[in-house]
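To start, the structure itself, in structure tokens.
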Amino acid sequence: MKEPTSDTAYRDSAAARMLADGLASAAGERGLSQRALAKLLGYKQSVVLSHMALGRVPIPLERAMQFADLLELDKRDFLVAVLIQRLPDVDWTAIIGAGAAREKASRFVSGLETIARGKLDSLDAGQQAVMREVVADRHAGERWLSVHEVPTVARLRELRPTIKTEGLSAEDNEAIETALKGLSSHEDLPSIF
């Protein structure tokens, strides 16, 4: 196998993305710093994890299961991703099969298509754009509006058309906070919307 020569040769690999996501989750959800994780993995310097997560160096195949355990990654998926990263020219589906992964993905896609009442590729451009954003954002739930929030945000967008691109000004934020602060029930709320 010919080794990639670029310092970001593995950047676009699923293994590097999974590792980066695992490091971020360990830090955010369990408070484990990259330095602490490196120490737990037996590395003297944490920069080696950064290099792997950025795709500058490959993830060691012999350590894949240890990484998956520590970072709480799906072991099979991570191992397959590392195998593909290390040996991209091998047809891994012929060797290990893609049955379980394909079945899991198929159930997910089929569920979405049931909700959409059609194939996902038949969604309009706006729906597809939203789905791409959701998939690209690991914290999409923080940006998602509930059905009850939609009228309020729609009204804000109507009153402040630049909110989507520039947000609200400090004055507008302060005015909203002042209007809502100290009110004990919904009946006390002024009709600002």
Side-chain angles (χ1 to χ4, degrees), residues 6-34 37 49-56 59 67-68 71-82 84-85 88 92-93 98 100-177 180 192-193:
S6 167
D7 71 342
T8 56
Y10 305 102
R11 178 183 56 211
D12 295 328
S13 69
R17 286 192 303 274
M18 289 175 77
L19 179 60
D21 291 344
L23 292 170
S25 291
E29 296 169 15
R30 295 185 286 152
L32 289 171
S33 69
Q34 192 166 299
L37 290 166
L49 294 178
S50 291
H51 287 313
M52 289 179 205
L54 292 171
R56 291 183 179 145
I59 297 164
F67 278 56
L71 298 174
E72 299 178 355
L73 301 171
D74 181 283
K75 290 178 186 177
R76 184 183 189 286
D77 290 349
F78 188 64
L79 178 59
V80 169
V82 172
I84 292 169
Q85 181 192 61
W92 290 105
T93 57
R102 191 179 315 123
E103 182 182 324
K104 183 178 175 183
S106 179
R107 282 194 311 266
F108 179 69
V109 169
S110 148
L112 289 176
E113 288 178 340
T114 299
I115 294 166
R117 296 187 182 137
K119 295 289 183 192
L120 292 180
D121 58 7
S122 70
L123 296 175
D124 68 39
Q127 290 170 309
Q128 289 182 20
V130 168
M131 289 187 75
R132 281 188 194 92
E133 280 198 41
V134 169
V135 171
D137 187 349
R138 297 291 295 174
H139 303 285
E142 294 172 7
R143 295 180 4 178
W144 199 262
L145 296 178
S146 73
V147 172
H148 305 290
E149 295 169 303
V150 171
T152 304
V153 173
R155 184 70 174 133
L156 281 171
R157 287 177 178 168
E158 182 183 313
L159 294 170
R160 298 294 189 266
T162 60
I163 190 173
K164 197 170 183 177
T165 56
E166 299 173 17
L168 286 175
S169 68
E171 294 82 18
D172 284 340
N173 277 316
E174 191 175 312
I176 290 171
E177 184 177 345
L180 298 177
I192 60 173
F193 297 110

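Side chains of Glu149 and Thr152: no donor on one and acceptor on the other come within 3.5 Å. Defined by atom type and a distance below 3.5 Å, a donor-acceptor pair is present between the side-chain atoms of Gln34 and Ser50.
In this structure, Met52 and Phe67 have side chains that are in contact, with non-hydrogen atoms separated by less than 4.5 Å.
In this structure, the side chain to side chain contact (heavy atoms under 4.5 Å, CB included) partners of Gln127, at least two apart in sequence or on a different chain, are Leu123, Asp124.
A distance of 10.0 Å separates OG of Ser33 from CG of Leu49, quoted to the nearest 0.5 Å. Separating the CG atom in Leu73 from the CG atom in Leu19 is a distance of 7.5 Å, to the nearest 0.5 Å. Distance check: Arg155 CZ to Glu158 CD gives 4.5 Å after rounding to the nearest 0.5 Å. With rounding to the nearest 0.5 angstrom, the CZ atom of Arg157 is 12.0 Å from the OG1 atom of Thr162. Taking CG of Asp21 as the reference point, atom CG of Leu71 lies at 10.5 Å (rounded to 0.5 Å). Taking CG of Leu156 as the reference point, atom CD1 of Ile176 lies at 5.0 Å (rounded to 0.5 Å).
Across all their heavy atoms, Asp121 and Gln128 have their closest contact at O-NE2, 3.5 Å. The minimum heavy-atom distance linking Asp74 with Met18 is given by the pair O-CE, 4.5 Å.
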CA sep, side-chain torsions, deciding dist, call: Arg160, Glu166, salt bridge (charged side-chain N to carboxylate O under 4.0 Å, His left out) = CA-CA 10 Å; Arg160 298 294 189 266; Glu166 299 173 17; over 6 Å; no
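Remark: the backbone N or O of Ile59 is paired with a side-chain donor or acceptor of Gln85 at under 3.5 angstrom.
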